[in-house]
Amino acid sequence: MSLSEEYQKKLVTPEEAVRVVKSGDWIDYGSFAGQVVALDKALAGRAEELEDVKIRTYTSLRMPEVVKVDPESKHFIFNNWHFSGIDRKLHDQGAAWFIPMLYHEVPGIYRRFLDVDVAMIPVTPMDEHGYFNFGMQVSSTHAVCEKAKIVILEVNPNMPKCLGGKEESIHISEVDYIVEADWKMLQVPSGEPKEIEKKIASYILPLLEDGSCIQLGIGGMPNALGQMIAQSDLKDLGLHSEMFTESMVDMVESGRVTGARKNIDRFKVVYTFGFGTQRLYDFLHNNQQCAAYPVDYVNDPFIIAQNDKVASINNCIEIDLTGQVASESSGTRQISGTGGQFDFAYGSYHSKGGQSFMAMESTFKKGGELHSRINPIITPGGVVTTHRALVQYMVTEYGIVNLKGKATWERAEALISIAHPDFRDELIKEAEQLGIWRHSNKR
Ligand SMILES: CC(=O)SCCNC(=O)CCNC(=O)[C@H](O)C(C)(C)COP(=O)(O)OP(=O)(O)OC[C@H]1O[C@@H](n2cnc3c(N)ncnc32)[C@H](O)[C@@H]1OP(=O)(O)O
Ligand SMILES: CCCC(=O)O
């Protein structure tokens, strides 16, 4: 049978494809900008016939139809490895559940521990060799397909073809059903960086060097830093970053990024997923300079550490006076997830000349009232994303401090020095009560 005959044999409508789903099944739905759309709609159409169908995904950028038709989770249980704004609101309403993880472990978790009854994965059209590309969602997608009893692909001509290092595609022989769709790629602009984000980024920029190998996390500040790097005179930077971000297009197009000083994947921009605007999708499509790898390669701390001068830059939500970093929850409210923060903090420490930066604005407003994000203890119920022993640089708009090797009283002093001035006196009192303040500390 030729490849095109095999394609036609496996081609069905979304409604026909979702007939394979049974009550109690575990379904994987793709992830990020590559969650299935046509199959989601068709599955939602079967809500009344199904019970206890469990869905896994990452970071929804569209409201899933299965949740829209079943907001009380009577038929579908929507589970998520990393929350977006949509997911956290669903979670607040009791319509989504969180799956804790370290991102680099996820492919292994699938291979070792998880059942996948049906994998539903958006892909590019088939190439002349019978391969479908996973687009910007290499992540844990191949591991999902390996474990799946049934693989259904949702072929979309708008999906960028992201050239890869490994596990970026699947062959038609490994696929059970194919459906066709033509939804447009979601546009997720980063927005203009705020002045405060530029200020925070301005403390990090001078610590980067020619040849630094950069990871940027999600959020406004890393985006501001990426734009500043693009306008700097840094040379021969490398990119080895979990997420390919909009500002990385600026960094590459400015000529700052050559990858020439990398020890592994020399000259390549390495990432595991990405989303942004059409500019980013056009940049990644068929781009020989970029290599998408699965996350158990990109985020493996021992792979990260093989490049020199790794600089890992991530956002957080709160820090306590001993240096415990909460980046994924505010008290008991799940905001996002651990993602790759731990992986890159650990990997960058083991890189020769590596540096890890955690950044946040020193305060946030709630109900019109200003609150400090530097607190004596993490808000009760809060999740520690990065262990205090792992944290190196902490940055706010008031400065940058290095916590590595510092005793608790030194940490309290350093962190209070970058807190909002309105909260410093109160924080000192709290530190005294906690027994982490010395009479010699600077007030
Ligand atoms: C893709 C990569 O990032 S690569 C690897 C790194 N991965 C990680 O670092 C994972 C953990 N980090 C993260 O998830 C993010 O960086 C965050 C959540 C810390 C910051 O992301 P941003 O997009 O800048 O967050 P943003 O300021 O929009 O806030 C997100 C939500 O948290 C809430 N929030 C933020 N800070 C606080 C706070 N101190 N207290 C209470 N709520 C807060 C906001 O209100 C918002 O909720 P809402 O949408 O319901 O209004
Ligand atoms: C799924 C991972 C996203 C992140 O690291 O923030």
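For the numbers below, each heavy atom of this structure counts, side chains included, while hydrogens, waters and symmetry mates do not. In each ligand, atom 1 is the first atom listed, and ligand 1 is the first ligand listed.
- Not a single heavy atom of Trp81 sits closer than 4.0 Å to an atom of ligand 2.
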Tell me, with the steps shown, if Met358 and Thr386 meet side-chain contact (heavy atoms from CB on, under 4.5 Å). CA-CA 9 Å; Met358 295 290 163; Thr386 304; 3.8 Å; yes
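- The cationic atom of Lys268 (NZ for Lys, CZ for Arg) does not lie both less than 6.0 Å from the six-membered ring centre of Tyr293 and within 45° of the ring axis.
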Could you walk me through whether Lys194 and Glu397 satisfy the salt bridge (charged side-chain N to carboxylate O under 4.0 Å, His left out) test, starting with their C-alpha distance in whole Å, then the side-chain angles of each, then the deciding distance to 0.1 Å, before giving a yes or no? CA-CA 11 Å; Lys194 297 185 283 185; Glu397 70 275 25; over 6 Å; no
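- Protein residues with a heavy atom under 4.0 Å from ligand 1 are His82, Arg88, Lys89, Gln215, Gly217, Ile218, Gly219, Glu242, Met243, Phe273, Asn314, Asn315, Cys316, Ile317, Ser327, Ser330, Arg333, Ile335, Ser336, Gly337, Thr338, Gly340, Gln341, Phe364, Arg373.
- Two rings, from His350 and Tyr346, have their centers less than 6.0 Å apart.
- Judged by distance alone, the side chain of Ser351 and the main-chain N or O of Val310 form a donor-acceptor pair under 3.5 Å.
- Taking every heavy atom of Tyr58 and a limit of under 4.0 angstrom, the matching atoms of ligand 2 come to 1 (C).
- Side-chain polar atoms of Glu242 and Gln215 form no donor-acceptor pair below 3.5 angstrom.
- Inclusion of Gly340 in the set of residues having an N or O under 3.5 Å from an N or O of ligand 2 is warranted.
- Within the listing of ligand 2, atoms 2 (C), 4 (C), 5 (O) sit less than 4.0 angstrom from a heavy atom of Gly339.
- No side-chain N or O of Ser247 forms a donor-acceptor pair with one of Gln227 less than 3.5 Å apart.
- Atom NZ of Lys41 has 12 or fewer heavy atoms from other residues, nucleotides or ligands within 6.0 Å.
- Where the criterion is an N or O separation shorter than 3.5 Å, residue side chain and backbone included, His82 meets it with respect to ligand 2.
- Contacts between Phe32 and ligand 2 below 4.0 angstrom, taking non-hydrogen atoms only, involve the side chain exclusively.
- Annotation for Lys149: atom NZ counts as buried by contact number, over 12 foreign heavy atoms lying within 6.0 Å.
- Counting only heavy atoms of the protein, atom 2 (C) of ligand 2 lies nearest to Glu242 OE2, 3.1 Å.
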